[in-house]
Amino acid sequence: MKEPAVSADPTQVLAFETDCHIFDGCGFPAPGLHSFLFEPIVGNADDAVYFNKTMLLALLGSIIIVGFFWAAFRKPKVVPGKLQMVAETGYDFIRRGVVYETIGKKEGEKYVPLVVSLFFFIWMMNLWSIVPLAQFPVTSIISYPLVLALIVYVLWVSLTFKRHGFVGAFKNFTGYDKSLGAVLPLSMTIELFSNLLVRPFTHAVRLFANMFAGHTLLLLFTIASWYLLNGLGFAYAGVSFIMVIVMTAFELFIQALQAYVFVLLTCSFIQGALAEHH
């Protein structure tokens with residue numbers, strides 16, 4: 001059997017880095033967990049602290065977002081230029097369409113900077129998936145969505161205790177309703193488990209799972225397009241390449257949608273923390 005020729009780093013193999021094609025006697029180099037592992041750029045994997053590709057992309061993404069808004073608003077004009085208009089449109093969409101609609105203008109105004117920052121940061125981390133050379137969504141690594149969800153979780157819990165006190169927060173988390181009678185203890189246990197454990201977990205996993213699955217599909221069709229470029233496989237390679245284009249367009253939609261869903265849920269949590277318990 002012919003083995004695929006790979007780069008020196010087996011964790012960063014791309015479709016075009018192999019001579020393996022169909023009918024050459026070699027197996028299909030399918031993407032897997034190794035497609036989401038990267039050797040450290042600085043340090044090594046055994047160190048407590050190291051720096052790899054996903055960290056670099058997260059850092060670059062942060063710089064791009066900060067640089068974009070700084071350039072747009074450093075000299076704001078009454079009649080905005082193109083860059084300022086784009087930035088204002090994005091900011092206003094999140095402020096009015098997400099924060100105000102979910103939390104309300106009076107209560108929500110103070111949370112607009114956080115929600116806008118979360119949206120554009122997540123969107124940028126997702127967009128790296130289709131950027132040449134980068135070609136990897138940072139949020140497909142669970143630690144990034146997990147930290148973002150943890151920030152929201154800490155804010156939500158602290159706001160709940162601050163607004164309602166210990167007893168009120170307990171009722172908020174457990175969905176206390178004395179009219180439930182005998183099933184109240186069971187209902188409170190389920191609600192407490194759901195709110196304090198399941199909710200933050202699903203908040204992170206929803207973003208991670210969608211980006212992980214989307215990147216895997218893109219890799220699958222990209223590698224297949226290269227693998228099938230041999231003999232009669234050319235016809236199938238064309239179909240696979242069309243799927244790469246289709247999946248890329250679909251990913252553009254999903255990337256923005258997942259950033260939107262994440263901040264929408266964030267606002268929903270904040271609204272729940274601020275609302276009076278009924």
* Asked: Does some side-chain heavy atom of Pro200 sit less than 4.5 Å from a side-chain heavy atom of Leu150?
  -> no
* Asked: Would you find a donor on one side and an acceptor on the other, under 3.5 Å apart, between the side chain of Asn126 and the backbone of Gln255?
  -> yes
* To do: Mind running side-chain contact (heavy atoms from CB on, under 4.5 Å) on Met247 and Val244 for me, showing each step along the way?
  => CA-CA 5 Å; Met247 286 302 304; Val244 171; 6.0 Å; no
* Measure the acute angle between the ring planes of Phe73 and Phe69, then classify it against the limits of 30° and 60° as parallel, tilted or perpendicular. => parallel
* **Note, Cys267 side chain near Tyr111 side chain (heavy atom, < 4.5 Å)** => no
* Asked: Just by modelled atom types, is the Phe119 backbone N or O under 3.5 Å from a matching donor or acceptor in the Tyr260 side chain?
  -> no
* Nearest-0.5 Å distance, OG1 of residue Thr89 to CD1 of residue Ile94 -> 11.5 Å
* Considering only heavy atoms from C-beta outward, does the side chain of Phe221 approach that of Val246 to under 4.5 Å? -> no
* Does the side chain of Leu33 reach to within under 4.5 Å of the side chain of Phe212, using non-hydrogen atoms? -> yes
* Verify the distance criterion only: is there a donor paired with an acceptor across the side chains of Asn172 and Thr160 at less than 3.5 Å? => no
* With distance as the sole test, does Lys53 use its side chain to make a donor-acceptor pair with the main-chain N or O of Ala134 at under 3.5 Å? -> yes
* Asked: Between Val205 and Pro145, is any pair of side-chain heavy atoms under 4.5 Å apart?
  -> no
* Taking side chain as C-beta onward, heavy atoms only, is Trp128 less than 4.5 Å from Pro137? -> no
* Distance from Leu265 atom CG to Ile270 atom CD1, nearest 0.5 Å? -> 11.0 Å
* To do: Say whether Trp70 and Leu60 are linked into one hydrophobic cluster, either directly or through other cluster members, by side-chain heavy-atom distances under 4.5 angstrom.
  => no
* Structure fact -> Rounding to 0.5 Å, atoms CD (Gln84) and CZ (Arg74) come to a distance of 11.5 Å
* To do: Would you confirm whether Asn210, through its side chain, and Arg206, through its main-chain N or O, come within 3.5 Å as a donor-acceptor pair?
  => yes
* Structure fact -> Closest non-hydrogen atoms of Phe208 and Ser140, given as atom of the first, atom of the second and distance, are CE1-O, 3.0 Å
* Atom CZ of Phe193: over 12 foreign heavy atoms under 6.0 Å -> no
* Working to the nearest 0.5 Å, report the span between CD1 of Ile122 and OG1 of Thr266. => 7.0 Å
* Of all heavy-atom pairs between Thr102 and Ser268, which one has the smallest distance, and what is that distance? -> CG2-N, 3.6 Å
* Please step through side-chain contact (heavy atoms from CB on, under 4.5 Å) for the pair Phe161 and Leu159, ending with a clear verdict. => CA-CA 6 Å; Phe161 278 105; Leu159 277 176; over 6 Å; no
* How long is the gap from CG on Leu37 to CG on Asn52, to the nearest 0.5 Å? -> 9.5 Å
* Asked: When clusters are formed by joining ILVMFWY residues with side-chain heavy atoms under 4.5 Å apart, either directly or through shared neighbours, do Leu146 and Leu118 land in the same one?
  -> no
* Nearest 0.5 Å, what's the CG-OG1 distance between Leu184 and Thr174? -> 7.5 Å
* Answer yes or no: is there an ion pair linking Arg199 with Glu191, defined by an N-O contact shorter than 4.0 Å? => no
* Asked: Is a side-chain donor or acceptor of Glu251 paired with a backbone partner of Ile130 at a separation under 3.5 angstrom?
  -> no
* To do: Dump the intermediate steps for side-chain contact (heavy atoms from CB on, under 4.5 Å) on Trp156 and Leu196, then the final yes or no.
  => CA-CA 10 Å; Trp156 167 55; Leu196 294 184; 4.3 Å; yes
* To do: Group every Ile, Leu, Val, Met, Phe, Trp and Tyr by side-chain heavy-atom contacts under 4.5 Å, then state whether Val116 and Met85 land in the same group.
  => no
* Asked: With a cut-off of 6.0 Å (strictly less than), are more than 12 heavy atoms of other residues, nucleotides or ligands near CZ of Phe241?
  -> no
* Asked: For Asn195 and Phe173, which heavy atoms make the closest approach, and how far apart are they?
  -> ND2-O, 2.6 Å
* Given the rule that I, L, V, M, F, W and Y join up when any side-chain heavy atoms are under 4.5 Å apart, are Leu252 and Val86 in one cluster? -> yes
* Would you kindly confirm whether Leu217 and Val239 end up in one hydrophobic cluster when ILVMFWY residues are joined by side chain heavy atoms under 4.5 Å apart? => no
* If you look at every heavy atom in Phe136 and Ser35, which pair is closest and at what distance? -> CE1-O, 3.7 Å
* Asked: Just by distance, do the side chain of Thr189 and the backbone of Pro185 share a donor-acceptor pair under 3.5 Å?
  -> yes
* Keeping the roles fixed (side chain from Thr222, backbone from Leu218), state whether a donor-acceptor pair exists under 3.5 Å. => yes
* Take Ile141 and Tyr144 through the test side-chain contact (heavy atoms from CB on, under 4.5 Å) and record every step on the way to the result. => CA-CA 6 Å; Ile141 302 297; Tyr144 293 92; 3.7 Å; yes
* Donor-acceptor contact below 3.5 Å, side chain Arg163 vs main chain Leu274 -> yes
* Asked: What's the shortest heavy-atom distance between Ser129 and His215, and which atoms?
  -> OG-ND1, 4.0 Å
* To do: Kindly indicate whether the side chain of Trp123, heavy atoms from C-beta on, has any atom under 4.5 Å from the side chain of Ile65.
  => no
* Nearest heavy-atom neighbours spanning Gly108 and Val99 -> O-CG1, 3.3 Å
* Asked: Do the side chain of His164 and the main chain of Phe170 share a donor and acceptor less than 3.5 angstrom apart?
  -> no
* Could you label the plane-to-plane angle of the Phe269 and His203 rings as parallel, tilted or perpendicular, counting under 30° as parallel and over 60° as perpendicular? => perpendicular
* Close side-chain approach of Val152 and Phe262, heavy atoms under 4.5 Å -> yes
* Polar side-chain atom of Ser187 near backbone of Val183 as donor-acceptor pair, under 3.5 Å -> no
